[in-house]
Protein chains: 2
Amino acid sequence: MTNSLKLNDYKKIVGNDVVNEIREKAKKFSKKHILCINSTYQGGGVAELLNTLVILFNNVGIDVGWRILHGTPYFFNVTKKFHNALQGDKINLSEKKKKIYYETNRRFSTFTHINHDLVIIHDPQPLPLIDFYKKTQPWVWRCHIDLSAANPELWNYLEKFIKKYDHFVVSKEDYEKNISIPQTVIHPAIDPLSAKNRPLPAKLINKYLKKYGINKNIPIISQISRFDKWKDPLGVIKTFEIARKKTNCQLVLLGSLATDDPEGIAIFKDIEESVENCKYKKDIKLILVNDDILVNCLQRASSVVMQKSLKEGFALTVSEALYKETPVIASNIGGIPLQIINGENGFLHDPDDYEGFAGSIALLLGDKKLRTKLGRHGKEYIKKNFLITRLMLDWLDLFEEYL
Amino acid sequence: MTNSLKLNDYKKIVGNDVVNEIREKAKKFSKKHILCINSTYQGGGVAELLNTLVILFNNVGIDVGWRILHGTPYFFNVTKKFHNALQGDKINLSEKKKKIYYETNRRFSTFTHINHDLVIIHDPQPLPLIDFYKKTQPWVWRCHIDLSAANPELWNYLEKFIKKYDHFVVSKEDYEKNISIPQTVIHPAIDPLSAKNRPLPAKLINKYLKKYGINKNIPIISQISRFDKWKDPLGVIKTFEIARKKTNCQLVLLGSLATDDPEGIAIFKDIEESVENCKYKKDIKLILVNDDILVNCLQRASSVVMQKSLKEGFALTVSEALYKETPVIASNIGGIPLQIINGENGFLHDPDDYEGFAGSIALLLGDKKLRTKLGRHGKEYIKKNFLITRLMLDWLDLFEEYL
């Protein structure tokens, strides 16, 4: 836990100028009251990002509040299907699903009194909230999902709500939609001082590896991601099997289940079975733990981090690993190519190119110099482009338009 | 889901007078802004209770807001230990635990801006919040836990925060503590119109029983409770084994894991093992599902509901079953004897009196007339004493003192 987080703590990382620029821009909004609403406070990148962003904005004098939509398991079951459909899946968009979705928002609105200067709604779960208020301030919808292949029927349904907003923020240029309200691209970012990313002593890293039975003397390949079909954990195991034939290494799959993800448990069982059937099952560690320090340790201890996803809103895990000077081999999809410059700080492959992935793993494991070079470039690139301070500046620019 | 819950819907259950009395008393607070804070919006009686209470207060014109403390798994690990120690367990009250507890509250306070007329804090998780505000309104601490054997070292630590409050609300007379601030006893209550308690058609009940493989032609004994050592699920299995020798019946254990309960998974494994070792394992169904309709069906379909807990803040599951005219056999602890009048609407036993529990099960299974009589009395008793409308009146009386 980062206690009493202060923007000044970031000076040693990004320099005085950036911090001063944020303070200067924030002055203008010093009495403003802004409300962020999303649907979970732990599990997933959005919660993590808000956790830092909201506190830092308060630290520079903007009263940013943060509330969590109270959903039921029925509700999250529906919104998970919405999430999948926005990423391109089919959906049976029944009246029952729409009702659960809409009425959960109505219920939440009854005890959520909004008198703020600006409202920022994150992702589809609380999107319909706007229907239940007399709008006396600008509302922004910030969507973290890859919308480039969104299911048209669902999009059509959601568009009715989106059109009532004043502004629409997406994570990448090609997620923009043909819609009548202004759109802005804001790349997400990582917090270099969070428990997941801050520097750790080697002793602690070794302690954690030992605790989880990971032999530090065998090169570690890891994928750290929520257990979710879109992260293709079965494909990672298949890739590892090919790579393991070429060179000695071990695979660690670390993930947690978000409280809003009813599919997680079923997928976890598939993974267990796939490990059981793998020729190198003794070299695979499957860890279901929600522990940021362990993530941090593993990203630092790994020779290579993988992100073999099929779809990603952005995949901040890539920035996390790169920032720790660990090269990343990942799918050429979603926000990943914004973070990985192929051959410079990692390698990009098509998601179904198992041989390509395995080849890059073998190449990196056999060449320590190359790993070091890519790792160094990775850290520089993320520091320049994907830290929370840059994200604050982007939001401040948007506030400027409305406050 | 109850859509657009309205107080008027309760007229058909509690009558016009009660509803009119609530409306009359609420008028006085019609422009007041009250904030409730607890630590979870699903799982456990407190979340359930707030879910109805908050919406009904808004329905009668009081602006009651409801926020959830954002905790991490580390935090909930600590507060679960606090919960256990408040119920009498030992605790290693380390500086690390105190720090996680305190700093999580500090963090939450940074983005939770309070300018309300009254603040109501539920249970120990958000208790220290009061340290981080300039207090400009009354604060009430509402504790739902049995405090009669609270660990003195922990109580001593928490008392420093409690003393800053204006008022302290407990669930039962003997939970009151020797402390300098005013104390009030408010019994919790159930919502007769929630998905868990509202009337259901027999067809739906049969459908649910079938879905979960429960044979409706064999008498059902059930315990419906979070999987938690305090609910003594292993003791329920032992009791069932004794009763099953006397008479043909089946046991259904239905429970869910709350998102703030890290112990749940371990306990669930112990239960599975205990079922496996039971002579009548084929007659036991263990269901890990979070589904209010299923709970409702099972409480209605059971011949007897058990609540063999070792500790209970109140045990609203007892009221839920009694309200459905199902007799309850339960431990003579916590809030249970407030709900069960021995021999009138159920039976009370000491938690370690396995033979007594099993005897009462056999007695009730063998006497349909007695079951019907006890069930009818149960419904009347709960209707009179433990419905949400009575709870609203109790809170309105307390508001009267401060607003």
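The chains referred to below are lettered A, B, ... by the order of the sequence lines, with proteins before strands, and numbering in each begins at 1. Note: hydrogens, waters and symmetry copies are ignored here, and every other heavy atom, side chains too, is used.
You'll find the side chain of F111(B) stays beyond 4.5 Å of the side chain of V64(A), heavy atoms only. The side-chain heavy atoms of I68(B) and Y41(A), taken from C-beta on, include a pair separated by under 4.5 Å.
Each side chain to side chain donor-acceptor pair (under 3.5 Å) pair with one or both residues in residues 61-71 of chain A, not counting sequence neighbours, appears once here: N38(A)-W66(A).
For N51(B), the parts lying near chain A are the backbone and the side chain together; criterion is any non-hydrogen pair under 4.5 Å. In this structure, the portion of L69(A) lying under 4.5 Å from any heavy atom of chain B is its backbone and not its side chain. Neither the backbone nor the side chain of I34(B) has a heavy atom closer than 4.5 Å to any heavy atom of chain A.
K28(A) NZ: more than 12 foreign heavy atoms inside a 6.0 Å radius. Surrounding NZ of K96(B) are at most 12 heavy atoms belonging to other residues, nucleotides or ligands under 6.0 Å away. The number of heavy atoms from other shown groups lying within 6.0 Å of NZ (K207(A)) does not exceed 12.
Atom OG1 of residue T110(A) and atom CD1 of residue I55(B) lie 4.0 Å apart, to the nearest 0.5 angstrom.
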Go through the steps for Y74(A) and D291(B) under the test side-chain contact (heavy atoms from CB on, under 4.5 Å), then give the verdict.
CA-CA 9 Å; Y74(A) 306 105; D291(B) 184 337; 2.6 Å; yes
